[in-house]
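A short write-up of the structure that comes next.
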Amino acid sequence: MLYLCRESLESLKLKDSRTASALLSSLLCLLQKERGESDRPEGALALFHQADQYIHHNLAAATVQSTARHLNVSERTLLNVFRSLLGISTQEYIRNMKMDMAHYLLTTGASPVGEIAALLGYTDQFTFCKSFVRHFGCSPSEYRKRKGVPGQYGSVLK
């Protein structure tokens, strides 16, 4: 099962971290059921699942340090788990999650880019745009134009 999961993740090329997260979470549940476990998953998959849940619920504030602190493990342990399961670092995973959310916010609404940057925990719009360009190959505004999203500005933060 783990082999099939890894093959599936490689075919995704980890551009969609939500899908990768769901796939690994599903695998964790299957392994728990197969072992007859219900409440106490153990090992790397369990640690990944806990980290993933923390990151999802605290996306704006999530860092490698805060995630490790929350799970009471070292940053190195967390890195090893993410590298062994996904082939990327914890920091890359968090950044991918933020970019997935940026994609969603840019294509489903018309909020200003600065507001989206703040919502995702970036200190300023420039830092967000730089990260976005590295991930998608174009600016958030250009990305929005390519996806055909109207230019009227609403509000995500209320």
Considering non-hydrogen atoms only, spot the tightest contact between [X] and [Y] and give its length.
X: Arg144; Y: Leu105; value: NH2-O, 3.9 Å
X: Lys98; Y: Leu59; value: CE-O, 3.1 Å
X: His57; Y: Gln53; value: ND1-O, 2.7 Å

**Prompt:** Would Ile88 and Asn96 satisfy side-chain contact (heavy atoms from CB on, under 4.5 Å), going step by step from the backbone distance to the final call?
**Reply:** CA-CA 10 Å; Ile88 61 172; Asn96 287 346; 3.8 Å; yes
Any donor-acceptor N/O pair, [X] side chain to [Y] backbone, under 3.5 Å:
X: Asp124; Y: Thr127; result: yes
X: His135; Y: Ser131; result: no
X: Glu92; Y: Ser89; result: yes

**Item:** Val133 with Leu106, same ILVMFWY side-chain cluster at under 4.5 Å
**Value:** no
**Asked** Linking I/L/V/M/F/W/Y whenever any side-chain heavy atoms sit under 4.5 Å apart, do Val113 and Phe126 land together?
**Response**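 No: no chain of side-chain contacts under 4.5 Å links Val113 to Phe126.
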What is the distance from atom [atom1] of [X] to atom [atom2] of [Y], rounded to the nearest 0.5 Å?
X: Glu142; Y: Cys129; atom1: CD; atom2: SG; value: 12.5 Å
X: Gln50; Y: Asn72; atom1: CD; atom2: CG; value: 10.5 Å
X: Lys130; Y: Tyr122; atom1: NZ; atom2: OH; value: 12.0 Å
X: Asp52; Y: Leu45; atom1: CG; atom2: CG; value: 11.5 Å
X: Phe128; Y: Met99; atom1: CZ; atom2: CE; value: 5.0 Å
X: Thr90; Y: Leu78; atom1: OG1; atom2: CG; value: 4.0 Å

**Prompt:** What residues, two or more places apart in sequence or in another chain, satisfy side chain to side chain contact (heavy atoms under 4.5 Å, CB included) together with Arg76?
**Reply:** Ser74, Leu79, Asn80
**Request:** Give the intermediate values and the outcome of side-chain contact (heavy atoms from CB on, under 4.5 Å) for residues Thr67 and Ile94.
**Result:** CA-CA 10 Å; Thr67 306; Ile94 293 169; 4.2 Å; yes
**Message:** Would you call the rings of His103 and Tyr143 parallel, tilted or perpendicular, taking 30° and 60° as the class edges?
**Reply:**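 The rings of His103 and Tyr143 stand perpendicular, inter-plane angle above 60°.
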**Asked** What orientation do Phe82 and Tyr93 show, parallel under 30°, tilted 30 to 60°, or perpendicular over 60°?
**Response** tilted
**Message:** Tell me whether Glu75 at atom CD has more than 12 heavy atoms from other residues, nucleotides or ligands lying less than 6.0 Å away.
**Reply:**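 For Glu75, atom CD is crowded (more than 12 foreign heavy atoms under 6.0 Å).
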